[in-house]
Each structure stands twice: as structure tokens, then as C-alpha cells.
Novice: 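Okay, here's the structure, questions in a sec.
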2 protein chains.
Amino acid sequence: MVVRLKDIARDLGVSTVTVSKVLRGRTDIGQKTRERVLKRMDELNYQPNMLARALAGGRSYAVGLVVPDLVHPFFGEFARSLAGALRSEGLVLVLASSEEDPDIEEQEIQTLLTRGVDVLLVASCRPSTHPPKALTETTTPVVLIDRHFPKLPMDFVGTNDLMVGEVAGRHLAGIGRRRIAHIGGRGISPTADRLKGFQRALAAVGIELPKEYVVTRERFEESGDATGYHAMQELLSLREPPDAVFCYNDLSAIGAMDAAMQAGLRIPHDIAFIGCGNLRYADYLRVPLTSVDQSSHRLGDMAAKRVLELSTGAGGAPQTLRLEPRLIVRKSTVV
Amino acid sequence: MVVRLKDIARDLGVSTVTVSKVLRGRTDIGQKTRERVLKRMDELNYQPNMLARALAGGRSYAVGLVVPDLVHPFFGEFARSLAGALRSEGLVLVLASSEEDPDIEEQEIQTLLTRGVDVLLVASCRPSTHPPKALTETTTPVVLIDRHFPKLPMDFVGTNDLMVGEVAGRHLAGIGRRRIAHIGGRGISPTADRLKGFQRALAAVGIELPKEYVVTRERFEESGDATGYHAMQELLSLREPPDAVFCYNDLSAIGAMDAAMQAGLRIPHDIAFIGCGNLRYADYLRVPLTSVDQSSHRLGDMAAKRVLELSTGAGGAPQTLRLEPRLIVRKSTVV
DNA sequence: CTGAAAGCGCTAACAC
DNA sequence: GTGTTAGCGCTTTCAG
């Protein structure tokens with residue numbers, strides 16, 4: 001069957017403890033013994049049973065990540081850079097997706113917890129006022145990603161969402177638009193911040209954001225295009241439709257643009273669009289989409305740094321890390 | 001701290017075995033005892049330690065999946081439906097991505113194996129002649145996804161790639177094209193089949209596929225658009241460029257179309273394109289992309305069925321399951 | 001430097 | 001129906 005520490009110890013006439021120590025690179029083993037052990041491990045292609053190690057040692061060297069949607073480019077890229085950074089430190093990333101379903105999310109969190117991850121990262125799909133129960137009860141360190149829960153004193157890594165809104169608002173105003181609308185989210189924390197920053201930027205140049213110009217919806221990740229499409233139809237039915245729209249994310253912007261084009265509007269002449277997330281295909285769309293980039297890659301690196309601290313117990317007080325977004329201008333706003 | 005079986009047993013004055021049996025729903029426990037145990041578990045919100053369970057029981061109730069790229073829609077959707085189907089059977093899916101790097105792939109496979117998954121699913125990025133070493137040595141049941149290794153007698157779930165090529169070839173010939181080219185992959189198993197089916201379909205209507213009309217490349221998932229772009233430039237530089245191209249996947253088709261448009265060609269008038277995978281954004285592209293759909297969702301369900309059999313030990317001989325692809329026609333081939 | 005003893009939290013097999 | 005014993009493969013502690 002499979003090789004165990006015990007087998008190596010028996011072969012070499014040493015104790016399992018000695019082998020275990022060599023395995024973990026401890027220095028209190030003699031040079032010669034160490035070499036013999038290493039040699040035998042290599043010969044037998046020994047692979048430690050991580051279940052046993054985790055159970056005995058209280059550390060699994062695994063980190064969990066729960067996201068609302070894996071196919072979503074933002075989370076996919078975040079996960080990628082996070083996994084890479086952790087891998088080089090000897091930690092594995094265990095991925096799970098909630099499919100934007102609070103029940104599945106709760107379940108996935110429990111699963112990762114009972115499987116002993118050392119740190120748990122969560123981009124929750126729950127309203128910012130109702131954190132997942134399991135999160136509040138566990139003693140495992142948790143890092144909230146992208147969406148936070150104001151009432152929970154937990155680590156957070158995400159985008160400066162106020163600035164996302166500001167960047168979008170400033171850009172749309174800057175290209176001369178005045179009837180500016182927003183298709184936004186609801187519930188999760190970034191939505192409120194983005195709207196606030198957006199309003200602030202518009203107010204700064206004397207533009208107001210009337211209530212009917214703010215359309216909010218709930219699910220934005222998986223079928224965001226349909227969400228955006230319908231929200232846009234609502235805006236188009238107004239007596240005075242907008243001449244620019246800031247959408248919560250790129251997928252909803254794509255759907256919204258589709259609705260506008262079907263209504264015979266020209267982009268950006270009649271109406272401009274800006275999204276958020278800067279997705280992989282933004283360049284190849286019918287109308288290349290201006291977007292606010294969240295540097296998901298750098299976010300992943302930052303999260304990894306924090307995870308490393310937490311996984312060694314040297315966490316300290318909860319920290320909040322926010323990255324500044326960048327505007328990527330394409331033809332949906334500027335010819 | 002955290003609640004253990006032992007705590008419940010102590011509280012109730014029964015043995016841990018009794019509690020364990022109730023936990024696992026075994027029927028050889030008296031009604032009254034069972035209820036007391038259940039009640040106490042609920043009160044204490046007991047969550048079994050899955051590490052310990054897996055170590056002691058030899059089953060982890062976890063299934064591993066290694067894909068070349070998570071952001072890739074095909075694998076993302078496959079993973080989603082697989083996870084859903086497994087979840088409803090009490091199994092968890094543990095996801096890992098190799099980023100199309102054979103070394104990372106090998107490492108991720110090892111990781112999942114040493115962490116005790118009951119079944120391992122792998123969509124390998126390695127050439128079909130050189131399977132990952134760890135795969136050939138393990139005793140854990142393995143299911144190959146999308147790409148198989150002819151020499152390895154293992155379970156396989158994937159698309160009928162011969163038919164992918166045929167569908168594409170027949171369609172392009174059917175819309176009257178004659179100078180038909182292929183931008184294809186290399187190494188992994190689907191590439192050869194797709195090319196073969198493609199050739200066969202063309203031959204059936206008297207069209208030959210000259211060597212210079214077949215451009216092959218290696219990495220197609222992550223930066224497939226750039227790959228397609230450059231491959232297309234090669235085709236455009238021929239004395240007689242093609243009037244239709246079948247691309248290995250949608251991402252490469254997007255890049256290829258970009259190159260064609262930059263060269264001043266009109267799609268589909270001057271040149272038609274067909275991809276494979278039917279990605280989420282295909283409808284919203286500058287030119288909506290005709291694509292061969294692989295029904296990733298159904299593939300996930302099929303894989304889940306097979307995994308369930310394998311995870312209970314009732315595997316039997318390796319099986320090969322192939323799903324038939326469907327053609328989705330859009331404006332990149334037909335106005 | 002090395003190893004014996006104890007135990008992580010759970011389950012398998014068999015007694016009672 | 002219920003409990004006892006033994007052990008999964010590893011790490012920890014501490015004695016030598």
C-alpha cells in the first residue's frame with residue numbers, strides 16, 4: 001500500500017519521531033541520520049498523510065476561500081494570485097463557491113471549517129447586516145474579501161469602493177454628461193460605498209442624482225447581464241432617460257448596453273457606460289467597455305500576506321486593507 | 001473550545017461509540033438514546049471533525065478536481081454543476097487549478113491525494129502521451145475530464161471531440177466556404193480528434209485541408225486570445241488566406257477575429273469564424289461568435305454520477321463517457 | 001541528539 | 001442496543 005513514517009523508521013531502525021523530525025526539517029537530528037532518512041524517503045517516494053498531520057498537529061496548512069461565483073473574473077483572478085502566493089509558502093488554497101446562495105455559502109463555510117483550514121477567506125453574498133452564522137462562532141481566523149460586515153471586527157481585504165464610485169462619477173461628468181444614472185447592487189457592503197462615492201463626485205460638479213436614476217438589484221455575479229438588461233429597460237422608460245450609466249459591474253454593464261443598443265441608441269454618442277471589474281473580454285465586446293479596475297491580482301497578494309500572519313497565530317488586531325481602483329477608458333465612454 | 005463526540009457522550013453518560021453511531025444515522029441505537037443524543041448535538045451545535053473522521057474511517061467524503069484554468073467558462077461551469085450534484089449526495093468538491101503549468105498540476109494532484117480525497121478528477125494540461133506521474137501511481141480512483149491519456153486505462157468523461165470537428169467543418173462548408181483553415185491545439189487529446197473530425201467533414205464534401213491551413217499552438221486557456229491573434233496573423237500572411245476558420249476554443253476565436261478585423265476583413269463576409277465552448281459572453285462580442293457547445297453542465301452531472309459509484313468502491317471497470325456537442329450559430333458565420 | 005509515551009477526534013470490529 | 005478495545009498516521013512533550 002502506501003508508505004508511512006513507520007515504514008521508513010522500521011527500515012532504518014530509528015523511531016518514527018526521528019523520521020517525523022527530519023520530515024519537518026527540525027535541526028535537532030544528526031547529519032548522518034538525517035541523510036539516511038531523507039534518502040529512504042526519496043527511494044520510497046514518501047508523501048506524508050496530511051489528514052493525520054493536521055489532526056495531530058492542529059494545523060492543516062490549508063486555507064479556505066469561499067466566493068460567490070468562480071467564473072466571475074474578479075474572483076477567479078483573485079483566487080489565482082492568492083493561490084500562487086500561498087503555494088510558494090507551503091500552503092494550499094481550498095476553493096469553494098456559494099453560487100450566490102446564502103444557504104450554500106453557510107454550508108461551504110462549515111465544510112471548510114470542519115475540514116480544518118487554518119484561515120478562512122470569505123466573499124460573502126449575504127447582506128452586510130446579516131453575516132453568516134458560522135463566521136461569528138468560529139475560532140478560526142477569518143478574512144473578509146470584497147464585502148465586509150460592519151458589525152464584525154474582522155480582517156478585511158478589498159477595494160476602496162468609495163473611490164470606485166468617485167472615479168466613475170468624475171469620468172462621466174468629465175466627458176460632459178449631465179443625466180447620469182446608476183445601476184447598483186443591494187445588500188452587500190460595496191454597493192452602498194460605490195453609490196456614495198458616485199454621488200459625491202457628481203455633487204462636486206453640481207450634478208444631482210435623482211432617485212429614479214438609481215436602480216438597484218440583488219444578484220449581480222452569475223446572471224448580471226440579464227440583471228443589467230432589465231434595469232436598463234427601466235431607465236429607458238423614463239421621460240428623460242440618462243445619457244450615462246455607471247453599472248455595478250461589467251457583466252451588468254454588458255446587459256445594459258445591450259438594452260440601449262436594442263432601443264436604437266448609439267454608444268457612447270447617445271449614452272455612455274462604465275462598469276467595474278475590468279473583465280478579460282472587455283476589449284472584445286461589441287462596444288469595448290470602460291471599466292474601473294480593482295487590481296484583483298494585487299488584492300490576492302495582499303490577502304496572502306495577511307493570511308500568512310494569521311496562519312502562524314501572529315495575527316494581532318483585525319486589519320482593514322483597501323486598494324485604490326484604476327480607471328480603464330474604452331469606447332463605451334470615449335470615442 | 002470546540003465540541004467533540006466525547007463531550008456529548010460524557011454529558012449523556014453514554015459511550016462515544018453510541019454518539020458516533022447516532023451521528024452516522026446507524027439504526028442499531030434505541031429510539032430514546034438516539035433522541036437524547038440528537039438533542040444534545042443540536043444544543044451544542046456539534047460539528048464533527050472531518051479530519052478525524054477521514055483518518056479513522058478511511059473516507060473523506062471529499063472529491064478533488066484539478067482544472068487548467070478556473071476562469072475558463074467551460075471548466076467553471078463544469079465545476080459548478082459537479083459541485084451541485086455532489087453536494088446533494090453529501091460530498092464536497094475541492095477545487096484546484098494548475099494554471100496550465102505541468103509542475104503546478106503535479107503538485108496539486110499530490111496535494112489532493114495526500115489530503116485524502118475519495119475520488120480525483122483531472123483535466124490535465126499535459127501532453128496526452130505523458131500523464132502526470134502521481135496519477136499513474138495512486139490507488140485513489142481517478143476520472144479524467146475533457147482530456148484523456150490513451151495509454152492509461154482510466155475513467156473518462158468528456159466531449160465527443162471527433163464530432164466537434166465534424167460539426168464545425170460541416171457548418172463552414174455548408175455556408176459555402178472553400179478555403180477553410182484550423183487554429184488548433186497541440187499535445188492534449190481533444191486537439192487531434194477535433195482536427196480529425198474536421199478533416200473528415202471537409203473531405204466528405206470534397207474540400208481538402210492543406211498543411212499551411214492548419215496552425216497549432218500550445219496554451220489555449222488562459223491567454224488564448226493572444227494565441228489566436230498571432231495564429232491568425234500567420235494565416236493572413238498566406239498568398240491565399242482562408243475564408244473560414246475553426247478555432248480550438250472561443251477565446252482563441254476572439255483573438256483570431258480581432259486580427260482579421262484589424263486586417264480590414266469583414267466578418268462573416270470575407271471570413272467566417274467558429275469557436276468551441278460557447279462562452280458566456282459569446283453573444284455580446286463585437287461579432288457574436290458561432291460556437292460548438294460542449295454542454296459543460298451535463299458533463300458535470302455525468303461526472304458526478306460516475307464519482308458516486310467510484311466513491312463507494314463500486315467502480316468496476318473504467319468507463320468512457322462522451323457527450324455530443326451542439327452547434328450554436330451566431331453572426332460570425334451567418335449574417 | 002534520540003526515543004518512549006500519550007494523544008489529536010473519530011470509527012471498525014467485536015463483545016456483552 | 002450498547003460499550004470495549006484498538007487504531008488511523010502523525011506530532012507533542014519530555015526523559016534520557
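All figures in this text were calculated on a predicted structure; none of them were measured in a lab. Within every chain, numbering begins at 1; the chains are lettered A, B, ... in the order of the sequence lines, protein sequences first and strands thereafter.
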Novice: Counting only heavy atoms and a strict 4.0 angstrom limit, can you tell me which residues of residues 7-44 of chain B come near DNA chain C?
Specialist: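 Output list: B:V17, B:S20, B:R24.
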Novice: Mind checking which nucleotides bracket the chain A contacts on DNA chain C, 5' to 3', with an atom under 4.0 Å from a heavy atom?
Specialist: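 Span of nucleotides near chain A: C:dC1 to C:dG9.
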Novice: Compare side-chain N and O positions of A:Y46 against OP1 and OP2 of D:dC10 and report whether any pair is under 4.0 Å apart.
Specialist: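 So the side chain of A:Y46 is within the cut-off, an N or O lying under 4.0 Å from OP1 or OP2 of D:dC10.
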Novice: Output yes when a side-chain donor or acceptor of A:R34 lies under 3.5 Å from a complementary backbone atom of A:I29, and no otherwise.
Specialist: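 Judged by distance alone, yes, a pair lies under 3.5 Å.
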Novice: For A:K6 and D:dC10, give me the distance from atom NZ to atom P, rounded to whole Å.
Specialist: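 So the two atoms are 9 Å apart, to the nearest Å.
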Novice: What is the separation between atom CG on A:N49 and atom P on D:dC10, rounded to the nearest whole Å?
Specialist: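 Taking CG of A:N49 and P of D:dC10, I get 6 Å after rounding.
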Novice: Kindly check if the number of other-residue, nucleotide or ligand heavy atoms within 6.0 Å of CZ (A:R59) is above 12?
Specialist: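 Yes, because the 6.0 Å sphere around CZ of A:R59 holds more than 12 heavy atoms from other groups.
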Novice: Hey, are B:E35 and B:Q31 close enough side-chain-wise for a donor-acceptor pair under 3.5 Å?
Specialist: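 Yes - a donor-acceptor pair under 3.5 Å links their side chains.
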Novice: Round to the nearest Å and state the distance from B:R53 atom CZ to D:dG7 atom C1'.
Specialist: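 Taking atom C1' of D:dG7 as the reference, CZ of B:R53 is at 17 Å.
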Novice: Tell me the interatomic distance from B:M50, atom CE, to D:dC8, atom C1', rounded to whole angstroms.
Specialist: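 In whole Å, D:dC8 C1' and B:M50 CE are 15 Å from each other.
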Novice: Is the shortest distance from a Lys or Arg side-chain nitrogen in B:R80 or A:D69 to a carboxylate oxygen in the other one below 4.0 Å?
Specialist: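 Judged by the 4.0 Å cut-off on N to carboxylate O distance, B:R80 and A:D69 do form a salt bridge.
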Novice: Determine whether A:L23 and A:P48 make a side-chain contact, defined as any pair of heavy atoms from C-beta on separated by less than 4.5 Å.
Specialist: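 The answer is yes, as the side chains (C-beta and beyond) meet within the 4.5 Å cut-off.
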Novice: Which whole-number value in Å describes the distance from A:R4 CZ to D:dT11 P?
Specialist: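 After rounding, the gap between these two atoms is 14 Å.
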Novice: For A:E106 and A:K133, indicate whether the former's side chain and the latter's backbone hold a donor-acceptor pair under 3.5 Å.
Specialist: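 Yes: the side chain of A:E106 pairs with the backbone of A:K133.
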Novice: Have a look at A:R87 and tell me which of B:E99, B:E108, B:Q107 forms a side chain to side chain donor-acceptor pair (under 3.5 Å) with it.
Specialist: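 That would be B:E108.
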Novice: Any sub-3.5 Å donor-acceptor pair from A:S295's side-chain atoms to A:R298's backbone N or O?
Specialist: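 No; zero donor-acceptor contacts below 3.5 Å.
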